[in-house]
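I have placed the structure first, in the form of structure tokens, so that the comments after it can refer back to it.
Everything numeric here is computed off the predicted structure, so don't read it as measured data.
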Amino acid sequence: MLSKTEIILREKEINGIKISLYGKIFVALLSAILTFFIANSLSEIVSVTSINISTIVILYLLLKLLKKNKLVIPIGILCVLIDIAIITALPFIWYNSVGGDVVPRTYLVKTYTHTFIYAILLMNAFTMQPVYPLLYALGVVISQSFILLYAQADPRFQSTESFKEALLGNSAHVNSYIMGMGIVGILGFVLAYLTFQVRKTLFSAVANELKSNQLSRYFSPKIVAEISSQEDSFFKAGGKEQQVAVLFCDIEGFTQLSETIGAESTMATLAEYHKRMLDVVFQNSGSLDKFIGDGMMVTFGTPIPSPHDSKNAIKAGIEMKQNLKEWNSERLKDQLSPINIRIGIHYGPAIVGNVGISSRLEYTVIGDTVNSASRIEALGKDLKKSFLISKEILSAVSDISDLKAQFTSLGNHVLREKMKPIEIFSVEPV
């Protein structure tokens with residue numbers, strides 16, 4: 001299966017080949033029309049027109065295949081071979097149009113097809129596939145060498161070292177002709193190299209964009225910018241211990257709600273809910289660790305810790321409740337059931353990093369702090385409280401005066417599967 005970068009490059013390649021095919025169709029049509037004005041006999045008109053019509057039909061069929069994204073590379077190579085055939089045939093077509101064998105073959109190397117050669121070479125470079133300009137340049141050098149040898153085999157062939165005489169007279173400047181072939185070869189190599197470098201740059205740019213898009217699903221824009229500056233180090237397996245705030249959030253009675261409103265409405269409701277909650281999380285420099293059904297696990301201080309992580313976590317929880325209140329007002333107007341959530345937050349040491357194998361890494365947070373945060377959220381169901389935090393996170397906040405909430409101690413509680421009790425606080429937004 002092609003990666004997104006390869007798909008983009010393939011699209012560029014297909015577009016370049018399409019341009020080349022349309023160009024050839026135009027040349028074939030123009031050639032067919034001009035034949036009626038410059039041909040010396042009816043047989044020449046019939047033969048040239050037949051060749052042009054056959055060429056147009058073949059090119060049209062190639063376009064149809066290309067639009068279906070089939071045989072892209074073989075079609076691309078075939079187009080290059082057709083280009084070489086056209087460049088090889090043009091001098092002979094013009095030679096025959098002025099008399100053929102009655103004219104010295106010197107005319108073959110004086111037809112000045114270089115403009116066409118360079119134009120087609122550039123068109124092949126637009127495909128973003130290095131092999132096309134390189135193959136074309138090599139083919140042109142070989143075909144033009146053949147034309148020169150064929151022309152020199154004519155005893156009437158005339159050569160000169162004077163550019164003026166070559167331009168205005170009947171002689172050819174062989175060294176200039178050979179130098180032109182050399183330029184085509186060098187230019188083909190240069191364009192192939194540049195195309196290769198552009199492909200590499202595009203690969204890198206798209207890969208970085210994909211990383212950034214992927215990161216933006218989990219981290220706030222500010223954090224994404226900081227991660228991007230670390231280049232690939234962030235995406236390697238491994239982790240480290242650091243202080244983090246972990247927030248768990250869950251919808252109360254979601255199973256019953258989903259049974260009532262049906263699958264389609266359930267997914268729409270979840271999408272809107274997650275969007276609203278994550279907007280708040282990202283505004284407070286939080287990171288989405290994962291969705292857990294209708295719930296979610298959010299961290300603050302990952303991947304980059306700050307002195308404000310504990311305060312940001314509590315502030316995010318307060319604003320999530322406020323945002324939910326506003327949304328419920330809208331839902332009631334639409335005669336929809338209100339949604340209630342439980343939030344639990346804890347603060348402490350945890351292992352932060354990428355777990356898994358190289359082909360399937362997941363950035364996450366693991367440790368006792370995570371387990372405790374989850375159980376604090378679950379404790380809210382038993383205590384009939386929708387927003388609980390631990391003493392650890394409240395103690396980590398230096399100033400709570402600007403937090404728009406009331407904090408009430410509910411005493412010490414032993415969390416499930418824990419032995420040591422911790423003090424729990426209820427949070428009521430005001």
Side-chain angles (χ1 to χ4, degrees), residues 2 5-35 47-94 111-147 180-200 202-203:
L2 295 176
T5 312
E6 291 170 327
I7 291 172
I8 292 173
L9 287 172
R10 176 58 61 87
E11 288 174 354
K12 294 288 185 184
E13 182 178 346
I14 290 173
N15 287 335
I17 296 172
K18 281 181 181 178
I19 292 172
S20 178
L21 287 171
Y22 282 123
K24 293 177 183 61
I25 290 174
F26 174 76
V27 170
L29 282 171
L30 186 63
S31 174
I33 294 170
L34 291 176
T35 300
S47 60
V48 174
T49 302
S50 299
I51 291 171
N52 283 319
I53 291 174
S54 300
T55 302
I56 291 170
V57 171
I58 292 170
L59 294 174
Y60 175 75
L61 293 175
L62 291 177
L63 270 173
K64 296 287 285 185
L65 279 174
L66 202 59
K67 288 178 179 178
K68 295 179 180 179
N69 202 16
K70 292 182 178 179
L71 304 173
V72 176
I73 292 179
I75 291 174
I77 293 174
L78 182 58
C79 283
V80 172
L81 296 177
I82 293 173
D83 290 335
I84 295 169
I86 291 172
I87 289 302
T88 305
L90 272 178
F92 290 96
I93 292 172
W94 291 338
T111 51
Y112 301 104
T113 57
H114 291 83
T115 302
F116 294 95
I117 291 173
Y118 294 138
I120 295 174
L121 181 57
L122 288 174
M123 282 201 312
N124 278 292
F126 287 151
T127 61
M128 303 291 289
Q129 179 60 260
V131 69
Y132 297 152
L134 193 61
L135 178 62
Y136 172 76
L138 178 63
V140 166
V141 169
I142 293 173
S143 73
Q144 297 302 299
S145 298
F146 162 76
I147 291 173
M181 287 189 291
I183 291 172
V184 171
I186 293 171
L187 187 58
F189 176 81
V190 170
L191 285 174
Y193 176 75
L194 290 176
T195 304
F196 173 74
Q197 291 298 325
V198 169
R199 283 177 70 91
K200 281 181 62 178
L202 188 57
F203 260 107

Next on the checklist: With side-chain contact (heavy atoms from CB on, under 4.5 Å) as the criterion, how do Lys18 and Leu66 come out once you've worked through the C-alpha distance, each side chain's angles and the decisive distance to 0.1 Å?
Outcome noted: CA-CA 8 Å; Lys18 281 181 181 178; Leu66 202 59; 3.6 Å; yes

Next on the checklist: I need the minimum non-hydrogen distance between Gly188 and Ala137, along with the two atoms involved.
Outcome noted: CA-CB, 3.6 Å

Item to check | side-chain contact (heavy atoms from CB on, under 4.5 Å) partner of Ile117, chosen from Ile87, Val141, Asp83 | outcome: Ile87

Item to check | Gap separating the CD1 atom of Ile120 from the CE atom of Met123, nearest 0.5 angstrom | outcome: 5.5 Å

Item to check | Side-chain heavy atoms of Tyr22 within contact of Leu59, under 4.5 Å | outcome: no

Checklist entry - Could you give the distance from CG (Leu21) to CG (Leu63), rounded to the nearest 0.5 Å? => result 4.5 Å

Next on the checklist: Tell me if a side-chain donor or acceptor on Tyr118 pairs with a main-chain N or O of Leu187 at a distance below 3.5 Å.
Outcome noted: no

Checklist entry - What do the steps show when you test Leu134 against Asn124 for side-chain contact (heavy atoms from CB on, under 4.5 Å), and what is the final call? => result CA-CA 9 Å; Leu134 193 61; Asn124 278 292; over 6 Å; no

Next on the checklist: Can you tell me how far apart CG (Leu122) and CD1 (Ile19) are? Round to the nearest 0.5 Å.
Outcome noted: 12.0 Å

Next on the checklist: Measuring from atom CG of Leu30 to atom CD1 of Ile25, what distance do you get when rounded to the nearest 0.5 angstrom?
Outcome noted: 13.5 Å

Checklist entry - Do you know which two heavy atoms are closest between Pro133 and Ala125, and how far apart they sit? => result CG-CA, 4.2 Å

Item to check | Considering all heavy atoms, the nearest Ile84-Gly139 contact | outcome: CD1-CA, 3.5 Å

Checklist entry - side-chain contact (heavy atoms from CB on, under 4.5 Å) between Ile147 and Phe92: does it pass, once the steps are laid out? => result CA-CA 9 Å; Ile147 291 173; Phe92 290 96; 3.9 Å; yes

Checklist entry - From Leu71 CG over to Leu65 CG, what is the distance, rounded to the nearest 0.5 angstrom? => result 6.0 Å

Item to check | Gap separating the CG atom of Leu191 from the OH atom of Tyr136, nearest 0.5 angstrom | outcome: 11.5 Å

Checklist entry - In terms of the angle between their ring planes, are Tyr193 and Phe196 parallel, tilted or perpendicular, with boundaries placed at 30° and 60°? => result tilted

Item to check | Validation row: Asn52, Leu29 side chains within 4.5 angstrom (heavy atoms) | outcome: no

